[in-house]
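Because only heavy atoms are used, hydrogens play no part in the values below, and waters and symmetry mates are left out as well, while side chains stay in. None of these values were measured; they are calculated from a predicted model.
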Amino acid sequence: MILKPKKSIILLFVGFLSLLGRSQTHSSSDNAPNIIYILADDLGIGDLSIYNENSKIKTPNLDQMGGQGMMFTDAHTSSSVCTPTRYGILTGRYNWRTPLKQFVTWGNSPMLIKDDRLTVADMLKQHGYKTAVVGKWHLGLNWSMKEGGKEYENYTGIEDRFDPSLINYEKPLKKGALDLGFDYSYLISASLNMPPYVYIENDQVVRQPYQVSERKKDEYPYANWIKGDISPDFKHEEVLPVFVDKAVSYIQENGRKQKPFFLYIPLPAPHNPILPIAPWKGKSKINPYADFVLMIDDLVGKIFEAIEKSGIAENTMVIFTSDNGCAKNANFSVLKAKGHNPSYIYRGSKGSYYEGGHRVPFLVKWPEKIKPGSISDTAVCTTDFMATCAEIVGYRLQDDEGEDSYSMMPLFQQREGYQRTSIVHHSLRGIFAIRKGNWKLILSPNSGILPNGKPEKLPEKLPEYMLYNLEEDIGETKNVAAQYPDKVRELKELLIRQIHDGRSTPGKKQANDSISFPWVQAQFAFQGVSDK
């Protein structure tokens with residue numbers, strides 16, 4: 001396996017690397033587009049009124065974006081939870097090829113992305129882009145530690161955690177977003193219910209934190225349930241507006257410059273805690289979650305406005321999507337009683353291998369390339385961002401880069417050439433499903449494991465295989481595995497091959513970071529099934 005050179009080595013030996021076909025770095029041309037990727041957190045496909053004609057939540061700004069660009073009706077995240085999807089977006093690779101085979105990282109988890117792994121930011125930076133990330137990171141960070149604190153190089157499993165009491169917040173991160181190709185970063189480490197609660201700018205904590213227990217409850221309303229270190233300037237309900245303001249400022253500062261930019265904006269909402277503020281609080285007349293969605297739509301509208309006012313709209317590619325489906329803490333029963341279903345017509349929600357867990361809104365606007373009002377019914381995956389950006393800058397991905405990524409440019413331009421034929425889905429508990437055409441196979445859902453590594457106790461025994469024809473049964477209500485054993489075998493073998501090959505794209509076989517798949521072996525019962 002060829003390792004990706006360190007950034008300093010790339011800069012020193014760019015000519016030599018170009019001869020090897022590795023870097024292919026060149027100055028960006030004048031017409032290279034700006035790229036803005038907005039990632040909502042736990043937003044359901046049914047929460048956008050452009051997707052859901054029966055939606056009780058109206059999202060005019062996002063609806064307008066979809067009308068001005070392309071709306072994808074069959075877009076999927078590579079996982080139905082936060083961290084894995086983020087890994088796939090930035091690397092073009094399925095997360096389960098890493099040690100993260102179920103659940104997510106924490107705010108004090110070490111970095112998941114390895115130094116030798118090419119990221120979208122790396123690639124674009126090497127091709128003349130300025131790169132920035134503003135928002136919720138949730139991919140692990142390597143904190144500096146006080147004396148006696150255990151150090152980690154990279155995430156190797158759910159037990160890897162930096163001791164919060166020994167984190168040295170005064171020192172810069174030992175590994176953060178700046179080590180992965182970003183020129184600028186303004187982040188929180190993970191979700192808003194995961195400490196530490198600090199802003200991190202360019203790998204340095206902005207203000208020193210203290211224990212939340214030190215703050216009186218009348219001063220901090222969430223002190224009774226949010227535990228951990230928190231900075232004096234950190235107010236949970238203000239984090240979303242802070243990030244949007246930072247993103248708007250970045251666009252205003254860089255929009256009129258000749259050098260193109262890539263801005264990644266992973267929003268922390270509408271993930272729990274659900275904290276709409278005035279003037280959105282109570283605006284939906286449904287529940288706080290619905291208010292929060294309205295708040296997101298309005299604030300994202302500020303980003304769109306900044307793009308227009310900066311004069312860069314025509315040659316800026318904007319992508320809006322979500323990291324997975326809506327979470328149950330949105331209070332589905334209240335929403336449904338009001339006539340609104342965040343999962344729309346799909347079964348399941350965040351964490352699930354069913355469609356509601358990983359089928360997400362996916363909107364792309366790029367006036368120079370995408371015809372307004374376009375709709376694509378082609379199945380795509382969020383891992384496809386890497387190959388799409390590679391085609392934009394004219395870079396040929398190497399065998400150990402973007403192993404699960406296909407360029408969406410043919411779809412944007414409504415021409416032939418999009419090569420993806422299957423998508424691997426992955427649930428919170430590490431359960432696999434695979435989609436090819438209209439067929440979707442879920443394998444051994446009983447074999448899922450809890451974050452503590454113990455077998456999950458399910459309320460009912462599920463079949464070993466669940467096969468659905470999504471064209472006939474989009475609600476995934478009729479398991480037809482017994483009627484189509486050949487289809488079960490075909491999809492099962494395809495999934496095994498993609499696991500063992502270390503890739504789902506054409507190319508040389510690659511090694512997975514972690515080759516131990518104990519529950520996969522139990523699921524697949526390899527007897528009689530080829531792993532070649």
Report yes or no: does K58 contribute a side-chain atom to a donor-acceptor pair with the main-chain N or O of S55 at less than 3.5 Å?
yes
Hey, are the side chains of E201 and Y184 touching, using non-hydrogen atoms and a 4.5 Å cut-off?
yes
Any sub-3.5 Å donor-acceptor pair from H358's side-chain atoms to S78's backbone N or O?
no
Side chains of D384 and T382 only: does a donor on one sit below 3.5 Å from an acceptor on the other?
no
Are K175 and E153 within salt-bridge range, i.e. N to O under 4.0 Å?
yes
Looking at side-chain heavy atoms only, is the closest gap between D203 and S185 below 4.5 Å?
yes
Backbone N/O of N142 and side chain of Y152: donor-acceptor pair under 3.5 Å
no
Run the side-chain contact (heavy atoms from CB on, under 4.5 Å) test against E308 and tell me which residues pass, sequence neighbours left out.
A313, K365
Between D160 (side chain) and S109 (backbone), is there a donor-acceptor pair under 3.5 Å?
no
Axial cation check for Y186 ring with K246, 6.0 Å and 45° limits:
yes
Sole candidate of F182, F262, Y37 that passes side chain to side chain contact (heavy atoms under 4.5 Å, CB included) when paired with V120:
F262
Checking T91 side chain against R93 main chain: does a donor-acceptor pair fall under 3.5 Å?
yes
Do you know which of I57, I274, D42, L43 makes side chain to side chain contact (heavy atoms under 4.5 Å, CB included) with F292?
I274
Can you list every salt bridge (Lys or Arg N to Asp or Glu O under 4.0 Å) pair that touches residues 314-334, not counting sequence neighbours?
R86-D323
Who are the side-chain hydrogen bond (donor to acceptor under 3.5 Å, both in side chains) partners of Y289, not counting sequence neighbours?
D47
Flag side-chain contact, heavy atom, 4.5 Å: Y94 against I423:
yes
CG of L187 to CZ of F243, rounded to nearest 0.5 Å, is 6.5 Å
I need the I50 CD1 to D63 CG distance, nearest 0.5 Å.
5.0 Å
State whether the number of non-hydrogen atoms from other residues, nucleotides or ligands found under 6.0 Å of K338 atom NZ is greater than 12.
no
Ion pair present between K283 and D298, side-chain N to carboxylate O less than 4.0 angstrom?
yes
Looking only at the side chains, is there a donor atom on one of Y199 and D233 sitting less than 3.5 Å from an acceptor on the other?
no
So, S80 and N324: side-chain donor and acceptor under 3.5 Å apart, yes or no?
no
Identify which one of L39, I296, D41 satisfies the side chain to side chain contact (heavy atoms under 4.5 Å, CB included) criterion when paired with L267.
I296
Taking R117 first and then E403, would you say they form a salt bridge - that is, a charged N and a carboxylate O separated by under 4.0 Å?
yes
